[in-house]
Amino acid sequence: PGHLFELTSSVRINATDIDIVANDVVLMSSSQLTTQGRGGEYGFPGTGFNASTTGIFRCEGSTQSGGGGGHGGVGGVGCYASLACARPLAAGGAAYGSAVHPRTYGSGGGTSNSSHGVYRLGGQGGGRVFVTAANKLELQSSAYIRSNGDRGWFADSGISPNRYASSGGGSGGSALVYARYIIGSGYVEANGGRSGHSSYQSGSGAGGRVAVYAGTIEPSVNIRAITDTSWSTEVSSDPTNDCRGDDGTVIRDPQSALLA
């Protein structure tokens, strides 16, 4: 491995796949290694279900929101349909991939249908980030190793009479980190994207898969793979239909044997 990989403050590397191998890896304040929204879209194992399969084509005049992408858990259900005849709701995508050795892309959210045949594609899933530091990984304040899914989108035809809907959030991707020790207060994350709208709720994307292996991991290092529930709530009339995607998987394992 190279002697030092250093990302200076506020610099961002954005790609579908990022693979860093060095003796020391330093992400200075507000810098990012990010694959957010650079992963799967359609045809992936956890792609959220499209509203078009159960919405306007089954029920004239109805609109419907899409399901969230799945990965480290199941994506959220597209909770909104403007007419009861548009049921069943668009399901969230399935869970897949390895928690121990994550190497899979996140999946896209499902498409929405609004009135007059207007639709919006779902948020794209997260990509993949791999970091191997033979010695030190330092994540300074607000530094990120990030493979989040993108948020869903609001669909508005702009034509009267208008009915609305939103597309599903993409699921988080994969982040796999090996180091002898990890210090700082930055983040390693693979979060799912939020619903496309707070009122016309689609499913939020599930969290992705994160595994961090190191001899020492400071408690101040933030490691997470959560869904974004800021625009998602549970459907109270039917608890099995939950707009909120599942959180993903996180392994935070302080052992140096993996670097031997």
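Quantities reported herein were computed from a predicted structural model and do not represent experimental measurements.
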Just how far is it from atom [atom1] of [X] to atom [atom2] of [Y], taken to the nearest 0.5 Å?
X: R209; Y: S147; atom1: CZ; atom2: OG; result: 12.0 Å
X: R244; Y: T229; atom1: CZ; atom2: OG1; result: 7.0 Å
X: I145; Y: I223; atom1: CD1; atom2: CD1; result: 9.5 Å
X: F5; Y: L33; atom1: CZ; atom2: CG; result: 5.0 Å
X: S167; Y: N113; atom1: OG; atom2: CG; result: 11.0 Å
X: K136; Y: R180; atom1: NZ; atom2: CZ; result: 14.0 Å

Mind listing the closest non-hydrogen atom pair of [X] and [Y] along with its distance?
X: Q32; Y: L7; value: O-CD2, 3.4 Å
X: G184; Y: S220; value: O-OG, 2.5 Å
X: R252; Y: I217; value: NH2-CG2, 3.5 Å
X: E189; Y: N148; value: OE2-ND2, 3.0 Å
X: A99; Y: T249; value: CB-OG1, 3.7 Å
X: T104; Y: S174; value: O-OG, 2.6 Å

May I ask you to test the [X]-[Y] pair for a side-chain heavy-atom distance under 4.5 Å?
X: L139; Y: V221; value: yes
X: V77; Y: F49; value: no
X: Y105; Y: T35; value: no
X: D228; Y: R151; value: no
X: S107; Y: T47; value: yes
X: Y96; Y: H71; value: yes
X: D24; Y: E6; value: no
X: E218; Y: I182; value: no

Next item on the list: Could you walk me through whether F44 and S171 pass the side-chain contact (heavy atoms from CB on, under 4.5 Å) test, one step at a time?
Entry: CA-CA 11 Å; F44 279 70; S171 61; over 6 Å; no

Check: So, does D246 use its side chain to make a donor-acceptor pair with the main chain of V74 at under 3.5 Å?
Finding: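 Such a contact is found between D246 side chain and V74 backbone.
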
Margin query: Hydrophobic clustering (ILVMFWY, side-chain heavy atoms < 4.5 Å, transitive) - are I20 and V129 grouped together?
Written below: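 As far as the 4.5 Å side-chain criterion goes, I20 and V129 are connected within one cluster.
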
Notebook entry, point to check: What's the verdict on side-chain contact (heavy atoms from CB on, under 4.5 Å) for Q36 and N14, showing C-alpha distance, side-chain angles and the deciding distance?
Noted result: CA-CA 8 Å; Q36 178 166 335; N14 193 336; over 6 Å; no

Next item on the list: If a pair satisfies salt bridge (Lys or Arg N to Asp or Glu O under 4.0 Å) and one of its residues is in residues 9-20, list it, with sequence neighbours excluded.
Entry: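 Checked against salt bridge (Lys or Arg N to Asp or Glu O under 4.0 Å) - neighbours excluded - the pairs reaching residues 9-20 are D17-R128.
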
Consider only side-chain N and O atoms of [X] and [Y], and report whether a donor and an acceptor are under 3.5 Å apart.
X: N135; Y: N23; result: no
X: Y200; Y: S112; result: no
X: S195; Y: S204; result: no
X: S65; Y: S202; result: no

Next item on the list: Quick one: sort the W231 and H197 rings into parallel, tilted or perpendicular, breaks at 30° and 60°.
Entry: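 Tilted: the ring planes of W231 and H197 meet at 30° to 60°.
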
Next item on the list: Assess whether side-chain contact (heavy atoms from CB on, under 4.5 Å) is satisfied between V210 and R224, documenting all intermediate values.
Entry: CA-CA 7 Å; V210 176; R224 59 192 185 183; over 6 Å; no

Checklist line | Other cluster members, Y144 - Ile/Leu/Val/Met/Phe/Trp/Tyr, side-chain contacts below 4.5 Å | finding: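 Besides Y144, the cluster holds Y187.
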
Margin query: If the condition is side chain to side chain contact (heavy atoms under 4.5 Å, CB included), which residues does S9 pass it with, not counting sequence neighbours?
Written below: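 Side chain to side chain contact (heavy atoms under 4.5 Å, CB included) check on S9 returns M28, S29.
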
